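Worksheet: the structure to be examined is printed underneath.
All values reported here derive from a predicted model rather than from experimental measurement. Keep in mind that the numbers below use all heavy atoms, side chains included, and drop hydrogens, waters and symmetry copies.
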Amino acid sequence: MELSRHISADAGRPELDNVLIETLEPPRPPRRKRSWRKRIVRGLAVLLLVLIVLIGYLAVTAPLSKSLQPVAPPEITLLAADGTPIARNGAVIAEPVKIAQLPPHVVHAFLAIEDRRFYTHWGLDPRGIARAALSNLTGGSTQGGSTITQQLAKFTFLTAERSLTRKAREMLIAFWLEAWLTKDEILERYLSNAYFGDNTYGIRAASLHYFHRRPERLTIGQAALLAGLMKAPSRLAPTNNLDLSRKRMRVVLKSMADAGYLTPAEARSVSAPRLDVRSRAELPTGTYFADWALPQARQIEAAGYAGPTYRTTLDSRLQAAAHRAIRQAGAGTQVALVAMRRNGEVVAMVGGRDYSKSAFNRVTQARRQPGSTFKLFVYLAALKAGMEPQDTISNAPIESGSYKPQNAGGAYSTTITLEDAFARSSNVAAVRLFNRVGDEAVIDIARRLGVTSPLPKGDPSLALGTATMTLLELTAAYAGVAANSFPVVPRAFPLPEAGWFDWLLDGKRSLSSHDHKAIESMLRAAVNRGTGRAAMLQAPNFGKTGTSQENRDALFVGYSGDFVVGVWVGRDDNTPLAGVSGGTVPARIWRDFMRVALGERSAPPPRPAADPQGPVQPLDVPDLEDIPVGGESRIRIEDGQAVLSTAIDGVPLDVRLDSEGLRVEPAPAPPTAPRSSVPSPPGP
């Protein structure tokens, strides 16, 4: 405190002249202290702002709910329409565990080997980091130093990238988890999501997989073996390297003793557990259909349906019929077949001769020239323009212009009706018709029927199918004509039942009844008296052949009853086929498949009721029926076993050889083929 002195000289009060007055002035704070306080306040404000931003950032990029979700897509099983398992895909995942329900030695095994100070640190363990760094620098065993919380942050929220940025994010998320979750909750999420090898995630799935035992009943040895897998799950998996996994188990038991959870004698007395891996966990056999259907199943799963099994539209009986039918394709060629209902539900799909040798799906992935099957769109455009099947067009050779296509076999005439031109697959008539209606009209009708592949404008060769597309989209376009409702979207799962007003919003289009009747008369003529005669059935059927330049692709696409089927034969290297056209091998394959689908030819007896939890049935490998056994005998697969069907004195018998020995049983009676309610077609 300071005194302020001054002399008062008030003229109004002379008695105060020369009086010394002392007053008190407030103390002035030191400048240095005031500036430091401001800096501290500002620093705290900045830290608070950074904390708020960090919390918001973590809430968006690392939501706590994500640590409860599986770190890999869970396993799903695809079933055929009859319930037969056809594929399994995804990680083996089970329900999360609760720490309170686990035996203490299960928790102790993981804490001892992974993070002994888990219950005392805040997500980071400085001592563990220092120990790991010292061991790595001095040439000892490589150690990570990550806590259980950091490991949970890493495999739940982050990628496998190795960088300082990722490590910093890992530490931030570890602090975040520690701040918002209890220690038991962190440990539960860690144990429920960690990878244990063999495509298995979580301790429940792992204990069931390796020991066929719930984690609540694990022994000390079993718990120690599972905890030991954390170092290198794939390499240490007991199904891959049992001796190495047992050596690692001993390391875990010693760590449990060092941490005081066991005495050294108890640790030494623990025997190695016996594995109990059931066949249910074996990896599945893939199929062409399954590869195509699985992404659709994942979309259904993402939409909120979390069931482990998904029933598809695949018909096991028709899939087997498709494999029998494609045997006609000659050696050195590939073949593809897809069958769907008029609404797009796929009931059979063969993407090649043998999935085990080539998983490339020639139904959905191969883009080949459709040849004359593309003429469907040209003639539909002509009908839409007002032309009739009995209208005529020149069938003479094209002499002018840069593009001069030729008819197969040199068959020409002065004129030809549109129906006959379609049935005989006249190239010159198709190109003249294409030029008359215009490329835009042809491309427009193809787009309306669901073709999405590039279709070049201004190219008259488009009329003959020179633009490439998949067999699946071509067959779906024919399905749109069959149903007279398009576009048809191919589906691997049943079409949901339509509501009262869905037809107003589905965006479907249709042909006029006149145009639909006209195009069906042309498709019928192609089978009855045209290039597709080899595909003729008892029931009315409609279709079109297709052969690309130099016989590189041969196709037949058509429909009968409720089934629409496309067949392609060719070579993967695009070399020509000797003597094969759309009206030969593809038409015969189509016919043989359709005979079974429509009941005109009996199929093998149905299998017993399928078990959805049973082993996967390999539908896309050569049938055992390919093995010649003589006479009327044949071999089939039933419940994963080979069964010989034969007959003795006219009595059908099944011969089985399994764990119970050799058994001979009466064979089930084959189903009676249903009669067609459609009158037989006129002759060719």
>> Please enumerate all residues that pass salt bridge (charged side-chain N to carboxylate O under 4.0 Å, His left out) together with E473, with sequence neighbours excluded.
In response: R367
> Would you find a donor on one side and an acceptor on the other, under 3.5 Å apart, between the side chain of E345 and the backbone of T313?
Replying inline: no
> Is the closest side-chain heavy-atom distance between R189 and L181 below 4.5 Å?
Replying inline: yes
> Taking only residues two or more places apart in sequence, or in another chain, which ones meet Q101 in a side chain to side chain donor-acceptor pair (under 3.5 Å)?
Replying inline: none
> Under 3.5 Å, is there a donor-acceptor pair between the side chain of S192 and the main chain of V97?
Replying inline: yes
>> Quick one, D115 with H121, criterion side-chain contact (heavy atoms from CB on, under 4.5 Å). Give me CA distance, side-chain angles, the key distance, then yes/no.
In response: CA-CA 10 Å; D115 191 357; H121 62 63; 2.8 Å; yes
>> Are the side chains of L78 and F289 in contact, using a 4.5 Å heavy-atom criterion?
In response: no
>> Going by the rule salt bridge (charged side-chain N to carboxylate O under 4.0 Å, His left out), which residues pair with E216 if we only count those two or more places apart in sequence or in a different chain?
In response: R204
> Step by step, would you call Y201 with V92 a side-chain contact (heavy atoms from CB on, under 4.5 Å)?
Replying inline: CA-CA 6 Å; Y201 290 80; V92 181; over 6 Å; no
> With no hydrogens and no angle check, is any side-chain donor or acceptor of T309 less than 3.5 Å from a backbone partner on T77?
Replying inline: no
> Residues two or more places apart in sequence or in another chain: which of them pass side-chain contact (heavy atoms from CB on, under 4.5 Å) with A206?
Replying inline: F196, T200, Y210, L226
> Ion pair present between D258 and K254, side-chain N to carboxylate O less than 4.0 angstrom?
Replying inline: yes
> Between Q150 and T147, is there a donor-acceptor pair closer than 3.5 Å when you use the side chain of the first and the backbone of the second?
Replying inline: yes
>> Checking D573 now: which residues fulfil side chain to side chain donor-acceptor pair (under 3.5 Å) with it, not counting sequence neighbours?
In response: T575
> By side chain to side chain donor-acceptor pair (under 3.5 Å), which residues pair with Q222, not counting sequence neighbours?
Replying inline: T219
> Taking only residues two or more places apart in sequence, or in another chain, which ones meet F175 in a ring-ring contact (aromatic ring centres under 6.0 Å, His included)?
Replying inline: none
>> Has R88 got a side-chain atom pairing as donor or acceptor with I76's backbone, closer than 3.5 angstrom?
In response: no
>> For a quick check under 3.5 Å, do D354 and S356 share a side-chain donor-acceptor pair by atom type?
In response: yes
> Out of L225, I113, L229, which one pairs with R248 under the side-chain contact (heavy atoms from CB on, under 4.5 Å) rule?
Replying inline: I113
> Does R235 have any side chain to side chain donor-acceptor pair (under 3.5 Å) partners at least two apart in sequence or in another chain, and if so, which?
Replying inline: none
> How would you list, by chain and number, every residue that makes a side-chain contact (heavy atoms from CB on, under 4.5 Å) with A109, sequence neighbours excluded?
Replying inline: A223, A227, V252, M256
>> Just to verify, what does D572 make a salt bridge (charged side-chain N to carboxylate O under 4.0 Å, His left out) with, not counting sequence neighbours?
In response: R362
>> Using the salt bridge (charged side-chain N to carboxylate O under 4.0 Å, His left out) criterion, which residues pair with R491? Sequence neighbours excluded.
In response: none
>> Test of understanding: with ring-ring contact (aromatic ring centres under 6.0 Å, His included), list the residues that count as partners of H108, not counting sequence neighbours.
In response: Y261
